[in-house]
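Here is the structure we will look at, set down as structure tokens.
All heavy atoms count here, side chains included; hydrogens, waters and symmetry mates do not.
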There are 2 protein chains.
Amino acid sequence: MTTDTKQARAGWREIRDEVRRRIHRRDWPPGELIPHETALAEEFGCARTTVNRALRSLAEDGLVDRRRKGGTRVALHPVRRAVLDIAIMRQEIEDTGATYGYRLVQSGIERPPANIPGGKGFDASCLHVVALHFANGAPYAVENRWIDGRLPGLDDAPFERISANEWLLENIPYTGGTLSFAAEQAAPDTARLLDIAAESPVLTLDRVTLDGDRVVTAVKLTYRAGHRFMARL
Amino acid sequence: MTTDTKQARAGWREIRDEVRRRIHRRDWPPGELIPHETALAEEFGCARTTVNRALRSLAEDGLVDRRRKGGTRVALHPVRRAVLDIAIMRQEIEDTGATYGYRLVQSGIERPPANIPGGKGFDASCLHVVALHFANGAPYAVENRWIDGRLPGLDDAPFERISANEWLLENIPYTGGTLSFAAEQAAPDTARLLDIAAESPVLTLDRVTLDGDRVVTAVKLTYRAGHRFMARL
DNA sequence: TTTGATATTATGTGCATACATAATCCAGAC
DNA sequence: GTCTGGATTATGTATGCACATAATATCAAA
């Protein structure tokens, strides 16, 4: 016959939220150590595992830094992570309700470019593909891509029909990569393809895809001005 | 006398990697159900908990979809998630090795703008702040910000000295927000501040910060062309 | 055929426990 | 004083178990 109030037992989400609240309220200011997992477990009346789950989640969000033996401290510079969903181009366009269109502009073996935004370069000769993506018949983005020439199945890939974007994602394994945005003036060819004035501002997305530490493909996508990439905090 | 080779016991990372490998190798093609946690646990000779940890991690990466009772299936459209680290401007600049500089351009109470890229608008009157961030003495980015006028402490905030960017992050709690990139032609004022030609392309980042569902602040950061935002896949 | 209650199933979460690992502290050797 | 190696400590991970929850499947009643 304990005086146990039988309050809803804390789940890891509640603990996470409560800790977040305390951090935001400055109960635990930036840079400060917060109580040990064991202490929190006792306070919340749950197992250490549960507290661990909560704190791990906050660490993934960048709100706290955790180190073995060092304990958990509130992140000094709360580097927020924004998450950006990258879909294949067709998906991206169809999601807006528009009809997707695709046209191959050129394709051929070439020496890869020297500089790739992500760092290293290609090992071998490359397939260079330029293509255009349409939304409701209007040019939407130019895809300018180099692909490692040694990828299996590349010779048979039907790039007249399917965008390299799509083919690669569905046929070639990769382990990671980098991605960068920039604003530029449209190059003449690109402007012509996008059907915009010669020096209009365009949004470019450079993506380098790696398999291990080998560059599989590098692509520059060029969007007309006005296009927006959305992410959530 | 089993033929047990006493191989290093599988940790959740190994399991995660092995599953990822199988998915990439198309052992389990997109859309396909993969074996149950229990089955995998048996195969890998570990507890279900461990498999759960691995699969959960893959689900967070968007590589698989999991549903109770429905099982785990390989994501049909492998929406990759790119993660973008957002630091405060000073940090961002100092990280490149440059010296940070800041100048307040204007500040005053104004009616908030009607359209905010993130969706809803402000409830009340706003503080409108325009400021410039410098890297090694050269203009780096323009910060054009609206702040909910009712935030506590706002009147005393020393925006001549500290950027709103920094002050807000360190003083005002928030729960989430959205963020979007676009390329534009620099508006005349902005071009002047950035010391670039009148219609140069610029990269803009619009950020809306929420606390619950109330808009705390909305900001447009304008970077000179050539600036890159990097993210990792 | 439809409906709705019920059983089944796969994942989700929590707990107690144990051990692993990294970082730090600290005593003792030199 | 400095260095080194072990004790200490907080987090990291794994396990077996139990029960929760959501979604489906099944089957009987209307």
When the distance from [atom1] of [X] to [atom2] of [N] is rounded to whole Å, what number comes out?
| X | N | atom1 | atom2 | answer |
| --- | --- | --- | --- | --- |
| Trp12(A) | dC19(D) | CH2 | P | 23 Å |
| Arg56(B) | dG14(C) | CZ | C1' | 12 Å |
| Phe44(B) | dT13(D) | CZ | P | 18 Å |
| Glu14(B) | dG12(D) | CD | C1' | 14 Å |
| Leu55(A) | dT13(D) | CG | P | 14 Å |
| Glu37(A) | dA16(C) | CD | P | 15 Å |
| His36(A) | dG12(D) | NE2 | C1' | 16 Å |
| Asp65(B) | dA10(C) | CG | C1' | 15 Å |

Requested in this report: Indicate whether any N or O donor in one side chain lies under 3.5 Å from an N or O acceptor in the other, for Arg232(A) and Thr178(B).
Outcome: no
Query raised in the report: Are Thr38(B) and Arg48(B) linked by a side-chain donor-acceptor pair shorter than 3.5 Å?
Result: no
Listing time: all N or O pairs from protein to nucleotides 22-25 of chain D that are below 3.5 Å?
unit_1  : atom_1 : unit_2   : atom_2 : d
dT24(D) : OP1    : Arg67(B) : NH2    : 2.9

May I ask you to check whether [Y] and [X] place their ring centres under 6.0 Å from each other?
| X | Y | answer |
| --- | --- | --- |
| Phe229(B) | Phe181(A) | no |
| Tyr140(A) | His133(A) | no |
| Phe134(A) | Tyr102(A) | no |

Report task. Give one of base, sugar-phosphate or nothing for Arg13(B), where a contact means two heavy atoms less than 4.0 Å apart. Result -> sugar-phosphate
Query raised in the report: With sugar-phosphate meaning primed atoms plus P, OP1 and OP2, does Thr49(A) contact a base, only sugar-phosphate, or nothing at under 4.0 Å between heavy atoms?
Result: base
When you check the phosphate oxygens OP1 and OP2 of [N], does a side-chain N or O of [X] lie under 4.0 Å from one of them?
| X | N | result |
| --- | --- | --- |
| Arg66(A) | dG12(D) | yes |
| Arg48(A) | dG12(D) | no |
| Thr72(B) | dA10(C) | no |
| Asn52(A) | dT13(D) | no |

**Report entry** Arg228(A) and Ser180(B): CA distance, side-chain angles, deciding distance, side chain to side chain donor-acceptor pair (under 3.5 Å) verdict
**Finding:** CA-CA 6 Å; Arg228(A) 277 194 179 285; Ser180(B) 68; 2.9 Å; yes
Query raised in the report: Do Leu221(B) and Thr204(B) have side-chain heavy atoms sitting under 4.5 Å apart?
Result: no
Query - Pair of N/O donor and acceptor under 3.5 Å linking dG12(C) base with Arg53(A) side chain - result: no
